[in-house]
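Pasting a structure here, questions to come.
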Amino acid sequence: MKFTAIDFETANASMLSACSIGVVEFEDNIPIRETITLIRPPEGYDKFNWYNVRIHGITASMVKNAPTFDEVWQMIHHSIENQLVVCHNAAFDTVVLCRLLEYYHIPIPEFDYICTVKVSQKLWPEMENHKLDTVCNDLNIKLNHHEALSDARACGLIFAEALKDQHCTQLSELLEAVGMRIGHVSPQGRQSCSTAEEIRRKIISDKKKQESRRKYYARRHIPSAAGYSAQEKGVKPS
């Protein structure tokens with residue numbers, strides 16, 4: 001089974017401020033190819049927040065001569081297009097990727113993705129929390145936290161451990177075991193990686209919203225039965 005683990009570091013709160021990416025390709029649960037590069041964020045999104053710098057140690061001077069993301073994409077696209085992409089907190093990394101692609105007018109590729117935060121929550125609920133460093137510590141996975149390549153590699157190893165834990169050789173087997181829907185990105189849009197519980201809650205929430213909207217428009221646009229009766233008689237409704 002093949003998959004690719006990725007991790008972004010950002011200069012500030014903007015999804016367009018990616019300043020580093022780590023990409024690790026796995027085959028049969030073993031890392032076979034690794035790529036790490038600094039990224040020069042686009043102008044206007046390139047201010048380095050002190051908090052982010054404190055976390056990952058990357059500064060503006062370090063990325064001054066780094067490639068921009070459109071150049072980086074030429075190096076890594078084959079590792080992501082039509083692949084299974086694994087991220088720890090995929091809602092962050094996949095959105096950063098898609099925002100950057102949109103910014104540089106690069107066609108959105110098609111790929112599946114899965115979040116190892118959600119996988120670890122399902123398989124190891126007894127953990128204190130499911131942050132990357134906590135999960136790695138409990139699973140004895142080496143980690144240099146917030147170094148993009150180390151984070152990506154660790155994320156891939158967590159996914160590999162999940163497959164071993166459930167004796168799975170195929171993605172479909174793991175999805176069934178943990179009750180999860182795969183995430184998917186394509187030019188047509190994005191489907192989130194969700195657990196069965198999240199999907200049920202979303203369905204219930206959507207039904208409630210639809211019913212609330214229906215009642216609202218009914219009250220606003222449909223006259224009461226008494227109103228119709230009065231109008232038919234030429235009498236102003238009370």
Side-chain angles (χ1 to χ4, degrees), residues 1-10 15 18 20-36 55-56 76 79-98 109 111-185 190-199 201-202:
M1 180 177 171
K2 296 181 179 180
F3 59 89
T4 298
I6 68 171
D7 179 79
F8 280 102
E9 299 297 330
T10 57
M15 296 290 188
S20 180
I21 185 173
V23 180
V24 182
E25 296 179 49
F26 281 76
E27 187 169 346
D28 297 329
N29 296 335
I30 298 172
I32 60 169
R33 188 175 296 104
E34 300 185 340
T35 303
I36 184 170
I55 288 175
H56 52 55
I76 66 171
S79 302
I80 294 174
E81 292 175 340
N82 300 310
Q83 302 297 320
L84 171 62
V85 175
V86 181
C87 319
H88 203 75
N89 188 13
F92 173 79
D93 293 287
T94 58
V95 171
V96 169
L97 175 60
C98 290
F111 62 89
D112 291 327
Y113 71 90
I114 193 165
C115 178
T116 51
V117 172
K118 295 183 178 184
V119 170
S120 61
Q121 287 172 336
K122 295 291 292 184
L123 291 184
W124 306 296
E126 71 282 357
M127 290 183 178
E128 180 181 358
N129 58 60
H130 296 85
K131 297 177 181 179
L132 184 61
D133 54 344
T134 302
V135 178
C136 286
N137 184 64
D138 284 13
L139 297 180
N140 295 315
I141 294 172
K142 292 182 179 180
L143 175 68
N144 179 17
H145 203 11
H146 297 300
E147 192 265 344
L149 185 61
S150 181
D151 283 5
R153 186 188 305 113
C155 170
L157 291 172
I158 291 170
F159 184 66
E161 189 62 32
L163 291 168
K164 294 175 187 176
D165 184 84
Q166 296 298 303
H167 308 288
C168 299
T169 58
Q170 301 296 325
L171 174 63
S172 58
E173 297 171 343
L174 181 63
L175 293 173
E176 182 176 357
V178 299
M180 187 177 292
R181 179 186 69 186
I182 195 70
H184 186 72
V185 169
R190 182 174 180 272
Q191 172 183 277
S192 64
C193 171
S194 304
T195 63
E197 292 87 346
E198 289 173 328
I199 294 170
R201 287 198 298 268
K202 180 75 164 50

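Only a predicted model underlies this, so the values are computations on that prediction, with no experimental measurement involved. Sequence positions, counted from 1, serve as the residue numbers for this chain.
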Query raised in the report: Atom CD1 of I158 and atom CG of D138: how far apart are they, to the nearest 0.5 Å?
Result: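 Rounded to the nearest 0.5 Å, the CD1-CG separation comes to 10.0 Å.
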
Query raised in the report: Are any non-hydrogen side-chain atoms of L84 and F159 less than 4.5 angstrom apart?
Result: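 Yes. Closest side-chain heavy atoms under 4.5 Å.
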
Query raised in the report: How long is the gap from NZ on K118 to CG on L123, to the nearest 0.5 Å?
Result: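 Atom-to-atom, K118:NZ and L123:CG are 14.5 Å apart.
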
Report task. Begin from the C-alpha positions of E128 and T134 and carry the test side chain to side chain donor-acceptor pair (under 3.5 Å) through to its verdict. Result -> CA-CA 7 Å; E128 180 181 358; T134 302; 5.6 Å; no

Query raised in the report: Do side-chain atoms of H145 reach the backbone of I55 as a donor and acceptor pair under 3.5 angstrom?
Result: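 Answer holds: no.
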
Report task. I would like to know whether D165 and W124 meet side chain to side chain contact (heavy atoms under 4.5 Å, CB included); could you show each step before the answer? Result -> CA-CA 10 Å; D165 184 84; W124 306 296; 3.8 Å; yes

Report task. Using a 4.5 Å cut-off on heavy atoms from C-beta on, say whether the side chain of L139 contacts that of M127. Result ->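 Yes. Closest side-chain heavy atoms under 4.5 Å.
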
Query raised in the report: Between H130 and T116, is there a donor-acceptor pair closer than 3.5 Å when you use the side chain of the first and the backbone of the second?
Result: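 Flag not set: sc H130 to bb T116 has no pair under 3.5 Å.
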
Query raised in the report: Does R181 use its side chain to pair, donor to acceptor, with the backbone of S192 at less than 3.5 Å?
Result: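 Looks like yes, one N/O pair under 3.5 Å.
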
Query raised in the report: Taking it one step at a time, do K122 and L174 satisfy side chain to side chain contact (heavy atoms under 4.5 Å, CB included)?
Result: CA-CA 11 Å; K122 295 291 292 184; L174 181 63; over 6 Å; no

Query raised in the report: Does a side-chain heavy-atom distance below 4.5 Å link I114 with L171?
Result: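 Heavy-atom side-chain distance check passes, below 4.5 Å.
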
Requested in this report: To the nearest 0.5 Å, tell me how far E25 CD sits from I80 CD1.
Outcome: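 With rounding to 0.5 Å, CD (E25) is 9.5 Å from CD1 (I80).
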
Report task. Measure the spacing between NZ of K131 and CG of N137 and express it to the nearest 0.5 Å. Result ->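 With rounding to 0.5 Å, NZ (K131) is 13.5 Å from CG (N137).
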
Query raised in the report: Does E176 CD have over 12 foreign heavy atoms under 6.0 Å away?
Result: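 Count not over threshold, so no.
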
Query - Closest contact, heavy atoms only, C155 versus V86 - result: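 Minimum heavy-atom contact is SG-CG1, 3.5 Å.
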
Report task. Would you mind reporting whether Y113 and L97 have side-chain heavy atoms less than 4.5 Å apart? Result ->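 A side-chain contact is absent here, since even the closest heavy-atom pair is not under 4.5 Å.
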
**Report entry** Heavy-atom pair with the smallest gap, counting every atom of S79 and Q83
**Finding:**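 In this case the closest contact between S79 and Q83 is O-CG, 3.3 Å.
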
Requested in this report: Heavy atoms only: give me the nearest A152-G22 pair and the separation to one decimal.
Outcome: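 That closest heavy-atom pairing would be CB-O, 3.5 Å.
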
Report task. Spell out, as yes or no, whether a donor-acceptor pair under 3.5 Å connects the side chain of Q191 to the backbone of I182. Result ->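 Yes, because the side chain of Q191 sits within donor-acceptor range (under 3.5 Å) of the backbone of I182.
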
**Report entry** Exercise: do T94 and R190 side chains pair donor with acceptor under 3.5 Å
**Finding:**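 There is such a pair (donor and acceptor under 3.5 Å, judged by atom type) between the side chains of T94 and R190.
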
Query - D151 (side chain) donor-acceptor with H146 (main chain) under 3.5 angstrom - result: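 Yes.
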
Query raised in the report: Taking atom CE of M180 and atom SG of C115, what is their separation to the nearest 0.5 Å?
Result: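 SG of C115 is found 7.0 Å from CE of M180.
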
Query raised in the report: Short question: side chain of D7, backbone of C87 - any donor-acceptor pair under 3.5 Å?
Result: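 Pair absent, no side-chain N/O of D7 close to backbone of C87.
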
Requested in this report: Rounded to the nearest 0.5 Å, what's the gap from CD1 on I21 to CD1 on I36? Could you check?
Outcome: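 So the CD1 of I21 and the CD1 of I36 are separated by 9.5 Å.
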
Report task. Check the angle between the aromatic planes of F26 and F3 and answer parallel, tilted or perpendicular using the 30° and 60° thresholds. Result ->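 Plane angle under 30°, so parallel.
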
